[in-house]
2 protein chains.
Amino acid sequence: MSAAATGVEDSPLAIVCGAGSLPFAVADAVIRRGRRVVLFGISGVADAAKIAEYPHRWGSVGQFGRLQRLLRDAGCRDVVFIGALVRPSLRQLRLDFKTLTLLPKIAAAFRGGDNHLLSGVGTIFEQHGFRLVGAHDVAPEILMPEGPLGKIHPSQQDREDIETGFAYLRAAGPYDVGQAVVVSGRHVLAVEAIEGTDRMLARVAELRVSGRIRAPAGRGVLVKAPKPTQDRRFDLPSVGPQTVEGVAKAGLAGLAVIAGETIVADPAEVAAAEDRLKVFVVGMKAVTAQ
Amino acid sequence: MSAAATGVEDSPLAIVCGAGSLPFAVADAVIRRGRRVVLFGISGVADAAKIAEYPHRWGSVGQFGRLQRLLRDAGCRDVVFIGALVRPSLRQLRLDFKTLTLLPKIAAAFRGGDNHLLSGVGTIFEQHGFRLVGAHDVAPEILMPEGPLGKIHPSQQDREDIETGFAYLRAAGPYDVGQAVVVSGRHVLAVEAIEGTDRMLARVAELRVSGRIRAPAGRGVLVKAPKPTQDRRFDLPSVGPQTVEGVAKAGLAGLAVIAGETIVADPAEVAAAEDRLKVFVVGMKAVTAQ
């Protein structure tokens with residue numbers, strides 16, 4: 001990422017908004033830094049009530065021609081994609097003409113995992129003169145700092161579990177699987193694939209209720225890391241208050257992410273939740289995940 | 001494993017029985033080969049009605065002294081462990097004196113994953129003059145043969161998913177995680193950890209119902225392999241009619257295992273289920289998983 005992308009530029013920043021609150025956390029941070037924003041909501045996905053508070057436009061997945069026109073009309077050159085986007089079904093796609101001409105490229109991108117899909121879309125954007133920037137480039141303050149976020153610190157045992165978790169994620173990384181794992185006593189209890197972190201945590205909670213996990217509550221760690229192959233302009237792991245609640249419900253001691261490579265939605269609420277629920281949230285040095 | 005272990009021996013074979021029908025499939029196969037068996041049921045785990053049909057004794061997990069005495073009384077030297085055994089809680093353990101003296105060793109074995117636990121128990125048995133043999137050594141006919149078991153064959157696309165699945169399991173193997181993965185379009189949809197294969201398949205079925213998996217039914221493969229670190233005397237992956245049903249309910253095309261390294265419980269019922277449910281069950285050459 002060039003240094004220019006992190007500075008204040010004259011052109012407004014385009015934020016293409018998927019689901020959840022992250023797009024607005026990024027928008028607020030960018031506005032605080034003095035740059036204008038235009039939000040592009042993905043219909044049926046982005047939060048319509050929230051998006052109405054910002055300059056915005058709407059479009060559908062697959063309307064690349066429309067998005068390109070809207071971006072140019074709004075004078076945008078830098079584009080950020082942020083927020084959850086469930087892989088759309090072909091039926092849901094409302095393809096416009098421009099997109100149809102790009103279909104062979106998009107189809108090729110679709111065949112791989114999510115990373116291929118996103119990188120493929122990124123390449124297409126750049127070929128049309130836009131610059132894709134990462135949310136962490138335009139709003140670095142939304143990133144997880146190093147060390148514990150709240151008052152609780154991981155124990156030595158937790159640190160061993162964290163190490164095992166990152167090692168596992170490194171090994172599984174090339175397969176474009178999920179970004180998270182639950183480890184207790186150096187034993188991998190659950191691996192996230194397409195179900196997502198919240199459902200994986202719910203599974204751990206169920207396995208505890210059913211007696212399949214017999215370790216006492218307060219042991220074990222949720223470990224999240226970007227995939228090694230991940231295009232970080234699109235998709236960084238993120239944690240928010242509901243992640244902390246899921247960790248507590250799963251009876252874990254806390255959660256560990258890579259500092260500087262993880263987005264924290266609502267840091268104040270996250271810190272409050274972890275102190276209230278007595279779990280830790282810790283940012284580990286990136287070197288751990290190399 | 002020595003050649004002698006596969007031959008008919010004078011001493012009866014001791015079969016320590018966990019849950020499920022596999023212990024009896026092994027017992028029947030060994031009896032058919034002309035060797036006597038004595039079943040040692042693990043209380044609260046082994047099927048009491050079924051075990052009553054064989055010469056048998058009962059014991060608890062943790063009663064190593066009792067098991068050793070019973071084994072010697074029955075004239076057994078070769079011991080097979082077979083069937084599912086959920087990691088016991090310390091409260092459930094009814095330790096006898098001999099086990100107490102072995103506790104430091106057992107505790108060390110407990111600290112690792114299941115493989116460490118089982119290998120640790122194996123070492124203890126061998127130090128006491130018993131010989132641990134694998135179910136596949138005493139009853140090779142229970143193993144999955146090479147090629148499709150029923151009438152349905154995997155497509156080229158299925159074979160690509162199978163390749164991806166085995167590659168993933170190889171990469172994750174050193175972490176002593178589960179032995180199974182669901183792959184569709186070379187994309188990993190689910191990874192088994194401690195929840196077991198049946199629950200992972202149920203999760204895939206749910207993800208399909210909720211729209212998170214959008215591929216049409218009849219795509220994707222369940223891939224199972226022994227862990228690279230697995231002590232195969234204790235624990236080979238196994239498939240049975242209920243695995244085939246789970247695969248069908250999850251909307252997958254079929255399941256792939258390693259030929260010669262997977263136990264098939266009730267092969268006739270498995271073949272009938274796959275033909276009825278239109279899914280394949282295929283044994284791949286072991287070299288695929290190296």
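Below, chain A is the first sequence line, B the second, and so on; all start at residue 1. Nothing here was measured: the structure is a model prediction, and the numbers come from that model. Values below: every heavy atom of this structure, side chains too, minus hydrogens, waters and symmetry copies.
Arg212(B) CZ to Arg199(A) CZ: the interatomic distance, rounded to the nearest 0.5 Å, is 8.0 Å.
Across Ala167(B) and Tyr175(A), no two heavy atoms sit closer than the pair O-OH, 3.3 Å. Residues His187(B) and Ile194(A) come closest through the heavy atom pair NE2-CG2, 3.9 Å.
Counting heavy-atom pairs closer than 4.5 Å to chain A, the top-ranked of the candidates Val188(B), Val204(B), Ile213(B) is Val188(B).
Open room surrounds CD on Gln242(B); 12 or fewer heavy atoms of other groups in view lie less than 6.0 Å from it. More than 12 heavy atoms of other shown residues, nucleotides or ligands fall within 6.0 angstrom of atom NZ in Lys50(A).
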